[in-house]
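The block underneath contains the structure these notes are about, expressed in structure tokens.
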Amino acid sequence: MFLAGAARAETVELAYPEEPNVDQGPGRFAFDYLRAAEMVINDSGLTVRWVALPNPRSVHRLTQGDANFCISGAGITPERRELGKFSEPFINDRMIGVLTLKSRRPELDKARSLAELLADEHGDVLAYTGFNYGDQVSVQVTGLRQQGRLSDAPHNTAQMLDMLRAGRADYGLVSQSYVTNYLAARPEGSDFILRSYPDMRRDFHLAFLCSKTTSDEVMGKLDQAIRRQEPAIQARFPDQAK
């Protein structure tokens, strides 16, 4: 009985991106999906430790099978299912956004879709390598690459902003909710504008992704808390309700 109780009390590590202004600490996360994740954790009864890690390091720890290690908000894909165990989804990162300097506001205001905005053959675009852009935007990304108008950006928002400011491209394709949160927390955020169009919708559900050695008990507690918190998450983040 003592050993069973010790196992239940073992700490679960929860990773989140090591990126400027994401690291606000538990209870003060600036990003919607991390606030939703924390709502679940606070309801789960689990003993947790939040850790800021670069995304490649988090993936490495999953592949190593580190016990009781979870990423607190990973998009569900078949490839990632091979890395570990997914909880039930708790939020939907629904829209892609187009990011640019505020001097390009007239072009954004004039366009009625991403396809119309990018019909200008002189507009060069940044995209993240391996990023899930959803079916609609992925088709346009492929077309831009074939035209030689697409450049790959590191999966780091700060670097994408630097590249846009340096004139390396005209537009960047990003997660709308993530970059909305990011710009709001950065002093240079007002230098940029973020817009989404109807042809930029995707459905990309986020969940806890845990190492394969994480116990079924831990996964069950996460799933139960997600179900209990679903109404509150939907009320707080209606645009991202799963």
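- The distance between the ring centers of Y16 and F29 falls below 6.0 angstrom.
- Looking only at distances, no side-chain donor or acceptor of K212 sits under 3.5 Å from a matching main-chain atom of L62.
- N92 contributes no side-chain N or O that, together with a main-chain N or O of D203, makes up a donor-acceptor pair within less than 3.5 Å.
- For T77, the side-chain contact (heavy atoms from CB on, under 4.5 Å) test picks out E79, R80, N132, F204, with sequence neighbours left out.
- Applying the side-chain contact (heavy atoms from CB on, under 4.5 Å) rule to Q140 yields the partners L114, A115, L118, D199; only residues at least two apart in sequence or on another chain are considered.
- Within 6.0 Å of atom CZ in R228, more than 12 heavy atoms from other residues, nucleotides or ligands are found, so the atom counts as buried in its surroundings.
- Residue I233 comes nearest to F90 through the heavy atom pair CG2-O, 3.5 Å, listed as atom of the first residue, atom of the second, then distance.
- Q64 is not listed as a side-chain neighbour of F69, based on a closest heavy-atom distance of 4.5 Å or more.
- Inter-residue side-chain proximity for H60 and T63 is flagged as met; some heavy-atom pair is nearer than 4.5 Å.
- Inter-residue side-chain proximity for R236 and R35 is flagged as met; some heavy-atom pair is nearer than 4.5 Å.
- Looking at K221, its side chain never comes within 3.5 Å of a backbone N or O of L46 through a donor-acceptor pair.
- Surrounding CZ of R165 are more than 12 heavy atoms belonging to other residues, nucleotides or ligands, all under 6.0 Å away.
- Remark: the backbone N or O of D124 is paired with a side-chain donor or acceptor of D170 at under 3.5 angstrom.
- In this structure a side-chain-to-backbone donor-acceptor pair under 3.5 Å is missing from R149 to V125.
- For residues 154-188, there are no disulfide bond (SG atoms under 2.5 Å apart) pairs, not counting sequence neighbours.
- Contact annotation: the side chain of Y182 approaches that of L161 to within less than 4.5 Å [non-hydrogen atoms, C-beta and beyond].
- In terms of heavy-atom proximity, L53 sits nearest to S58 at CB-OG, 3.5 Å.
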Could you check K85 against D216 for side chain to side chain contact (heavy atoms under 4.5 Å, CB included), going step by step and ending with a plain yes or no?
CA-CA 9 Å; K85 299 178 178 180; D216 291 341; 3.2 Å; yes
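- For the pairing with E107, the salt bridge (charged side-chain N to carboxylate O under 4.0 Å, His left out) check across K110, R104, R105 returns one residue only, R104.
- Every salt bridge (Lys or Arg N to Asp or Glu O under 4.0 Å) that R49 has, sequence neighbours left out, goes to E13.
- Within the 3.5 Å criterion, the main-chain N or O of T47 finds no donor-acceptor partner in the side chain of T11.
- Separation of atoms CG (L194) and CE (M95) is listed at 10.5 Å; rounding is to 0.5 Å.
- Counting heavy atoms from C-beta outward, R195 and D109 have side chains that approach closer than 4.5 Å.
- Legend: residues meeting side chain to side chain donor-acceptor pair (under 3.5 Å) with D93, ordered by chain and number and at least two apart, are S175, S177, R202.
- For E18 against A52, the heavy-atom pair with the smallest separation is OE2-O, 3.7 Å.
- In this structure, S215 and N68 approach most closely via the heavy-atom pair N-OD1, 4.4 Å.
- The structure places CG of D239 at 10.0 Å from OG1 of T180, a figure rounded to the nearest 0.5 Å.
- Of the inter-residue distances, the one linking Y171 atom OH with L164 atom CG reads 10.5 Å to the nearest 0.5 angstrom.
- With values rounded to the nearest 0.5 angstrom, L173 atom CG is found 7.5 Å from L150 atom CG.
- W50 places a side-chain heavy atom less than 4.5 Å from the side chain of E38.
- Applying the salt bridge (Lys or Arg N to Asp or Glu O under 4.0 Å) rule to pairs touching residues 132-146 yields R145-D152, sequence neighbours excluded.
- Annotation: side chain of F192 is not in contact with side chain of V179 (no heavy-atom distance under 4.5 Å).
- Annotation for G172 and M160: closest pair CA-SD, 3.9 Å, computed over non-hydrogen atoms.
- Taking the side chain to side chain donor-acceptor pair (under 3.5 Å) definition, one finds that S87 meets it with nothing, sequence neighbours left out.
- Within the 4.5 Å cutoff, no side-chain heavy atoms of V137 are placed close to those of Y197.
- For residues 132-192, the set of pairs meeting the disulfide bond (SG atoms under 2.5 Å apart) definition, not counting sequence neighbours, is empty.
- The ring pair (Phe, Tyr, Trp, His ring centres under 6.0 Å) search around Y133 returns F131, not counting sequence neighbours.
- Evaluation of the disulfide bond (SG atoms under 2.5 Å apart) test over residues 175-223, restricted to residues two or more places apart or in two chains, returns C70-C210.
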List the steps and the verdict of side chain to side chain contact (heavy atoms under 4.5 Å, CB included) for M39 and F237.
CA-CA 12 Å; M39 291 167 69; F237 309 106; 4.2 Å; yes
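- Identified under the disulfide bond (SG atoms under 2.5 Å apart) test for residues 78-113, with sequence neighbours left out: none.
- Looking at every heavy atom in both residues, T213 comes nearest to G65 through OG1-O, 2.9 Å.
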Let me see the working for N181 and Y33 under side chain to side chain contact (heavy atoms under 4.5 Å, CB included), right down to the final yes or no.
CA-CA 10 Å; N181 293 157; Y33 82 95; 5.9 Å; no
Chi angles and distances behind the side chain to side chain contact (heavy atoms under 4.5 Å, CB included) call for L108, L117
CA-CA 7 Å; L108 294 181; L117 176 70; 3.7 Å; yes
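- For R81, there are no side chain to side chain donor-acceptor pair (under 3.5 Å) partners at least two apart in sequence or on another chain.
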